[in-house]
Amino acid sequence: MRSTASVDSVRSWGMVAVAFAAMFASFGIAYSFGAFLEPMAAEFGAGRGATSVFFALTSLTYFGLGALSGVAVDRYGPRRVLLVGALALGAGLAATSQAGELWIGLLTYGLGVGVGVACAYVPMVAVVSGWFERRRTLAIGVAVTGIGLGTLTVAPLAAALIGELGWRTTHLVLGLVGAAVLVVCALVVTRPPVQAGPAALTVREAVRNRDYRRLYLASGLLSVALFVPFVHLPGYAEEAGVDRVAAAALVGVIGAASIAGRLVLGVVAARTGALRAFQGCFLTMGASFALWAVDGGYGVLVVFAAVLGVGYGGFVALGPAVVAERFGTTRLGGLLGVLYTSAGIGSAVGAPLAGVAVDASGSYVPVIAGCLALGLVAYLTVLGVGRGAGRAAGRGAGRG
């Protein structure tokens, strides 16, 4: 008989706070890259497409390594995984601050920040899941609000620091602070006291399941479009005459709105079901690009960022609940990690391709139109999840 004395307890919420802090620091730094794009492109003499590879390599690394870090936290515990993330984040940004060539910066930033986020995200979602049973969805939603608040805070802060200190010193400062936060989190975090029963599906069985494949494809298509504004929206706003800090703050708006999405849509999901609310997030994000296409000034850009952020927040918060509900909780880290590789591939393609398109055409119109189309196709794809196959609760259920 497993003990459940510590589950859903005050200590459990302490682990939520640790996860919140780890995600605040790691994602806040990763998603502040839009503020670095213009000054780095100018110094290295590179176009937006080449410089955007920094963000693409980073996102590919942290999403791609999620499958490994999710398994690692089960085997070695969250403390060791977070310490590895702290070392990678600090060393990577310190090395980037000294980079004399673009390819060196690509390697140090992409791997350093990528590994740091990989060690802070999927493992901490899995840890929070293990500390809760009745309030798991709420706890995950609160934990991942760290991503939104980190984005809201760090992106404009980075832009201000760049103006005062330059992009190199700003990278160094963020690296030191981010590593320190992860070290403190590592010293506080502990393993969940409860291990769930046997998984309904193994990772191998899940990847042959029709619903899981649909989730993977839909997430990949959406991610091609989703991460384009994180990198290119500040540059777009600056070209339209917006102040640099105000332009960078648009990424912060996405983060702030995502907080509402993470919390409010969790409540909505309790009434509509996690899957239906999750599908609504895809529609919200896909349709939001129509607002960017309006080209109606800074106010419309703020509205676009807010709508996109609400959908994005729900997408992040409800994804683990949907996967756990349909495929089991025992191997949730591995299931989520594999699923998030789709986001890694999508983000790695979207931002650089958008940069190349802007450089080649001199316009953001093709990029915005492509994002709108991809977002709506992703929504139509995720609508197929659960249709005709029932709940994928048993081994092999709903396989294609």
Side-chain angles (χ1 to χ4, degrees), residues 30-42 44-65 102-103 105-107 109-111 113-114 117 151 155 216-240 247-248 250-251 254 282 285-293 295 301 304-305 308 311-312 315 339-382:
Y31 285 168
S32 69
F33 181 71
F36 291 89
L37 184 59
E38 296 296 330
M40 291 180 72
F44 286 119
R48 292 182 181 85
T51 315
S52 296
V53 175
F54 276 85
F55 181 83
L57 179 60
T58 304
S59 59
L60 181 62
T61 301
Y62 68 67
F63 282 124
L65 291 180
L102 180 61
W103 72 269
L106 281 172
L107 184 65
Y109 184 93
L111 293 180
V113 178
V117 175
T151 305
Y216 191 95
L217 177 59
S219 296
L221 290 172
L222 180 67
S223 296
V224 174
L226 172 60
F227 293 99
V228 169
F230 282 98
V231 177
H232 295 287
L233 188 58
Y236 173 89
E238 284 189 51
E239 284 196 5
L250 289 170
V251 178
I254 298 176
F282 275 74
M285 288 183 285
S288 71
F289 285 95
L291 292 169
W292 193 2
D295 191 23
L301 291 180
F304 160 64
L308 178 68
Y312 166 61
F315 171 69
L339 180 63
Y340 289 158
T341 62
S342 65
I345 295 170
S347 61
V349 170
L353 188 61
V356 170
V358 172
D359 287 338
S361 66
S363 171
Y364 285 86
V365 172
V367 171
I368 299 170
C371 289
L372 176 61
L374 283 169
L376 295 180
V377 171
Y379 167 64
L380 295 176
T381 302
V382 80

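For this chain, numbers begin at 1 and follow the sequence in order.
In plain terms, the two heavy atoms of Pro229 and Val251 that are nearest each other are O-CG2, 4.3 Å. Taking each heavy atom of Ala35 and Ala248 in turn, the nearest pair found is CB-CB, 4.4 Å. Residues Ala247 and Glu238 come closest through the heavy atom pair CB-CG, 3.7 Å. The two atoms that bring Ala351 and Val231 nearest to each other are CB-CG2, 3.9 Å, heavy atoms only.
Side-chain contact between Phe315 and Leu222 is present, with heavy atoms from C-beta onward closer than 4.5 Å. Leu308 has its side chain out of reach of Trp292: every pair of non-hydrogen atoms, C-beta onward, lies at least 4.5 Å apart.
In this structure, the separation between OG on Ser223 and CZ on Phe227 is 5.0 Å, given to the nearest 0.5 Å. With rounding to the nearest 0.5 angstrom, the NE2 atom of His232 is 14.5 Å from the CG atom of Leu250. Interatomic distance, CD of Glu239 versus OG of Ser363, reported as 9.5 Å (0.5 Å rounding).
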Exercise for review: Tell me, with the steps shown, if Ser219 and Tyr340 meet side chain to side chain donor-acceptor pair (under 3.5 Å).
Suggested key: CA-CA 8 Å; Ser219 296; Tyr340 289 158; over 6 Å; no
Check your understanding: Can you list the steps and then say if Tyr364 with Val228 is a side-chain contact (heavy atoms from CB on, under 4.5 Å)?
Key -> CA-CA 11 Å; Tyr364 285 86; Val228 169; over 6 Å; no
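The side chain to side chain contact (heavy atoms under 4.5 Å, CB included) check on Thr381 picks up Leu217, Ala218, Leu221, Val377, with sequence neighbours excluded. Looking at residues two or more places apart in sequence or on another chain, you find a ring pair (Phe, Tyr, Trp, His ring centres under 6.0 Å) between Phe289 and Phe304.
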